[in-house]
Amino acid sequence: MQAAHKEHLYKLLVIGDLGVGKTSIIKRYVHQNFSSHYRATIGVDFALKVLHWDPETVVRLQLWDIAGQERFGNMTRVYYREAMGAFIVFDVTRPATFEAVTKWKNDLDSKLSLPNGKPVSVVLLANKCDQGKDVLTNNGLKMDQFCKEHGFVGWFETSAKENINIDEASRCLVKHILANECDLMESIEPDVVKPHLTSPKIVSCSSCAKSYRPQFWRATVLEGQRLPCYFLLGFGHGL
Amino acid sequence: MADSLPTEFDVIIIGTGLPESILAAACSRSGQRVLHLDSRSYYGGNWASFNFSGLLSWLKEYQQKSDVAEESTASWQGLIHETEEAITLRKTDETIQHTEVFCYANQDMDDKIEETDALQKNPSSLTSSTLTKPLDSACLSEETHSYVTSYEMPAKDIPKNDGEISLEVSGVEGTLAEEKYCGDETCRHTVSGGDTDENKPIEEDNTDQLKRNRITYSQIVKESRRFNIDLVSKLLYSQGLLIDLLIKSNVSRYAEFKNVTRILAFREGKVEQVPCSRADVFNSKELTMVEKRILMKFLTFCLDYEQHPDQYQAFMQCSFSEYLKTKKLTPNLQHFVLHSIAMTESSCTTIDGLKATKNFLQCLGRFGNTPFLFPLYGQGEIPQCFCRMCAVFGGIYCLRHKVQCLVVDKESGRCKAIIDHLGQRINAKYFIVEDSYLSEKTCSNIQYKQISRAVLITDQSILKTDSDQQISILIVPPADSGTCAVRVTELCSSTMTCMKDTYLVHLTCSSSKTAREDLESVVKKLFTPYTEAAINEEELTKPRLLWALYFNMRDSSGVSRSSYNGLPSNVYVCSGPDCGLGNEHAVKQAETLFREIFPSEEFCPPPPNPEDIIFDGDDKQPEVSGTNNIIMAKLDSSEGSKNLESPGKHLEN
């Protein structure tokens, strides 16, 4: 096999009130296009973005939109589970969506945390900044203070329409996740079998750092007992 | 969460249990506009799983049921027109009875623990903990649906007495705990208390190693989030209807499973492992060579018993246990086949026994050494997986949303709307209601069965081996003929349902008395209560009980549609969980109802190929649809296999 080459797969959540532009941001980021034509998100679980982080590292991002229909705040655990980071989005032209930001953040922290107990990294996106009505974010210092107080790793003024700052915001989030993951690796018990760390190709994914899923993944994957369903297909059976 | 609910739907589904959730996914998948409601603050109804403090809150709700204040609900009478009549729904759930909690673990009084990660409470029953939480309540707006509320269960509130604990949490205690929390957390205001509790799990784990087997109650409370305690204890047959449906509909992408690793038998006071695969039989140390040969011969015959009618035809009228005696099986083997493989009652007929044995054998080896799968994080994940599918296809979800009544058009006799607790009238064509929502008047003719359940937290496995990560199922045959066999499922921590160094044990049987009366004798046979004094006694060969809960759950699975009084024809009823081991009843019910409502629609077909989904339906660029599409997890593509888990990859290396 090839020389050391790291590949990471992270599940990221895109959260925020209805109509703040979550889907547009994902679409802009993943497909490089934008449509002002609004339609609720139907039939789509997540979009995949592949980042060539550095010559040795490929990062695959699964961007999970809340099905607009879970908008009453009743997300299933399936949505949160195993996420490594999140964007919380608000619309700078609608102050109410900013007020909801802390609610979304609290909800996220109450439902999800990294195996070491820390909250997942979250970047705050002040979307629709192209519309020039961003009274809220005019005061950058205040926003910095807000992020610090509420545990966001950073904030960006974004525009899905004009493609402003979306790549930057994503790089910021990924940077924090990668840094976090280094911590997580060290915190894993030393006597666990680690064939994957010594094998030439290191596959690391967000499942390695599931919320409340500690060390088992390596051992159990080796035993072949962890069986996600797509893996179950095509198995023979019988005695 | 900010806007109000639309008022026109095709299907309104009330209750988020497994059959309702499957139906929701099926309806939404076939293009229906679905509104899916639950009056509770969590998904799953009686199919839910809770973390430890969530379970305590759940218990508290049932124990306090008597003093649930009638919340100020908008009056609906004025909304009913002259040509209509109303069928009211039940206001409080009455499916859970006889809850009893016993704590055996040491309840360390000095350890001040708060656990804030519990289920979100109904607005009607918000406790003082929310009110004493200045930071959180500042974040809450005036909406009726409180968005983030949590519930404290300080361990120090639990009085140390003869083992029976009270679940009272006084407001005063809650305030003290909360003040302490606020004081410590001045720099990180909005990170919830649950996280601060969990800040140093690694160090904690190390100390666990030193004082192993001395799990205290406060540790259980502190590690609350590691528990996912199922209200119903079920497994998936690896060739069963639910697995087939999960795979077919691609809802499987949301779920992960572990194979049950052992089938156990309880015979002459001893727990032993049942050999079920060919390899097991040949490796078994308990069986003699002759027994191995006889068992293999019999199991091989069962796999295609239909081909050999001469072997069983003469015994059609006998019970399966009688039949086994004629097959020269030793008592040992008869016990294994009857209770652990066929898992039938002794009275079952030869043909049913053969059928069950064949089913068991066919499910073997599909994914592992036993025929059963257990969903990681608990059974409660499964309804949520279907709900997510429904939401992805446009279904709208509202928990904590009570429905006051169904509105029926007098002339046509059909239901046309519901009126919710906000007094909003929501119209639909079809209504699917879980049984527990129907009023006493509607259900007055019905005699319900009951399920007896026990949930135990223990410190060791009922059958120790070199691996402490075993998932086991054990059938304890009835002690006397009047009672039922008890199904015991033991889950280890790698199933993500209990904390490290503990086991979560579920006991289930169909009730003849209260849950404790039905199950306590089996609990005593298998476990010994945890006490400091007993540490050196020989009783210690048994695992010790740290905590136990008993309750009865109503089983509405046998109720026929015609027994309900006065339900319009377009109101369909789903039952609560049944007592069986598999989920076949729920899947069958969902599929039957779906075919009844939409005879021409396919039931849960796989989602369309991702390439065919036009994201956002941008009409202006039809020719570049290739780049306009969203990538989804495909069942068979390389991306799909990479998705979250990549077992293939790991194994290749």
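These numbers come from the heavy atoms of this one structure, side chains and all, not from hydrogens, waters or symmetry mates. Here is how names work: the chains are called A, B, and so on, in the same order as the sequence lines, proteins then strands, and each is numbered from 1.
- Not counting sequence neighbours, the partners of B/S249 by the side-chain contact (heavy atoms from CB on, under 4.5 Å) test are B/V251, B/F386, B/C604.
- To the nearest 0.5 Å, atoms OH (A/Y80) and CD (B/Q384) are separated by 11.0 Å.
- Between B/R225 and A/S113, the shortest heavy-atom contact is NH2-OG, 3.9 Å.
- Annotation for B/R388 and A/D65: closest pair NH2-O, 3.4 Å, computed over non-hydrogen atoms.
- Closest approach of B/C387 to A/T76, counting heavy atoms only: CB-CG2, 3.9 Å.
- The closest side-chain heavy-atom distance from B/M496 to A/R81 is not below 4.5 Å.
- Contact record, B/Y377 with A/R77: CB-NH2, 3.4 Å, taken as the closest heavy-atom pair.
- If you measure heavy-atom distances from B/N228 to chain A, the contacts under 4.5 Å come from the side chain alone.
- Under the rule for a side-chain hydrogen bond (donor to acceptor under 3.5 Å, both in side chains), the partners of B/T497 that lie at least two apart in sequence or sit in another chain are B/T495.
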